[in-house]
Amino acid sequence: MEQSKTIDRKLGEKMASMSETALANRVSCVSMTILVSVICVAYILEVVKGNRSLPYVLVTIALSYIPVICSWCLYHRSREDNKIKYTTMYGFLILYTFLLFTAQNDLVFTYAIPALIVATLYIF
């Protein structure tokens, strides 16, 4: 129990020492990584079920992870870089546009909801 409190305290101190921009960039990178990972897993399952072709899913994976990898590289270079928000958001916009135009169901629009929540980090 004491070890858990020590880890929580260290994490809290680390987060408190970060600027708002650096913290927003970190949360954005982590959130977008989780979001595109879930989308990619869903499309891989579509291949397994036979609903999508492998080349289509490979394009989807590439469009998903290229902006995320670029964002993480920018984050590790400079945590307060403003380019991170543009890379994550415009990268997701390109992926989202591709998925909307190639959608086979009407629920693809819901992919934008978590991305819009992440975008609110940069409003203030």
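Smallest separation of non-hydrogen atoms from Ala115 and Met32: CB-CE, 4.3 Å. Scanning all heavy atoms of the two residues, the minimum distance from Tyr122 to Ser28 falls at OH-CB, 3.2 Å.
Judged as a salt bridge (charged side-chain N to carboxylate O under 4.0 Å, His left out), the pairs with a partner in residues 29-47 (not counting sequence neighbours) are, in order, Glu46-Lys49. Here side-chain hydrogen bond (donor to acceptor under 3.5 Å, both in side chains) pairs that include residues 57-66, with residues two or more places apart or in two chains, are Ser37-Tyr65.
Under the 4.5 Å side-chain heavy-atom criterion for grouping Ile, Leu, Val, Met, Phe, Trp and Tyr, Ile44 is connected to Ile34 within one hydrophobic cluster. Hydrophobic clustering keeps Leu95 apart from Ile66 (ILVMFWY residues linked when any side-chain heavy atoms are closer than 4.5 Å, directly or through intermediates). Cluster membership for Leu45 and Val36, using ILVMFWY side-chain heavy atoms within less than 4.5 angstrom, is not shared. Residues Val27 and Ile117 do not share a hydrophobic cluster, clusters being chains of Ile/Leu/Val/Met/Phe/Trp/Tyr side chains in contact below 4.5 Å.
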Between Val118 and Thr88, does the side chain to side chain contact (heavy atoms under 4.5 Å, CB included) criterion hold? Intermediate values first, please. CA-CA 10 Å; Val118 171; Thr88 55; 5.8 Å; no

Show your working on side chain to side chain contact (heavy atoms under 4.5 Å, CB included) between Leu35 and Phe92 and close with a plain yes or no. CA-CA 10 Å; Leu35 177 61; Phe92 184 78; 3.6 Å; yes

Could you walk me through whether Ile61 and Tyr43 satisfy the side chain to side chain contact (heavy atoms under 4.5 Å, CB included) test, starting with their C-alpha distance in whole Å, then the side-chain angles of each, then the deciding distance to 0.1 Å, before giving a yes or no? CA-CA 9 Å; Ile61 291 171; Tyr43 277 88; over 6 Å; no

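Just one of Lys83, Lys85, Arg77, Arg79 meets the side-chain hydrogen bond (donor to acceptor under 3.5 Å, both in side chains) condition when paired with Asp81; it is Arg77.
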Only pairs under 3.5 Å count here: list side-chain donor-acceptor contacts from residues 67-76, not counting sequence neighbours, and write none if there are none.
unit_1: Ser71; atom_1: OG; unit_2: Pro67; atom_2: O; d: 2.8
unit_1: Trp72; atom_1: NE1; unit_2: Thr33; atom_2: OG1; d: 2.8

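No donor-acceptor contact under 3.5 angstrom links the side chains of Glu80 and Thr21, judged on distance only.
Rounded to the nearest 0.5 Å, atoms CG (Asn25) and CG (Leu121) are 9.0 Å apart.
In this structure the side chain of Ser53 never reaches within 4.5 angstrom of the side chain of Val47, judged on heavy atoms.
Partners of Leu100 under the side chain to side chain contact (heavy atoms under 4.5 Å, CB included) rule, at least two apart in sequence or in another chain, are Tyr96, Val108. Looking at residues two or more places apart in sequence or on another chain, you find no side-chain hydrogen bond (donor to acceptor under 3.5 Å, both in side chains) involving Thr97.
For the pair Thr110 (side chain) and Leu107 (backbone), a donor-acceptor distance under 3.5 Å is present.
With a 4.5 Å cut-off between side-chain heavy atoms of Ile, Leu, Val, Met, Phe, Trp and Tyr, the cluster of Tyr86 takes in Tyr90, Leu93.
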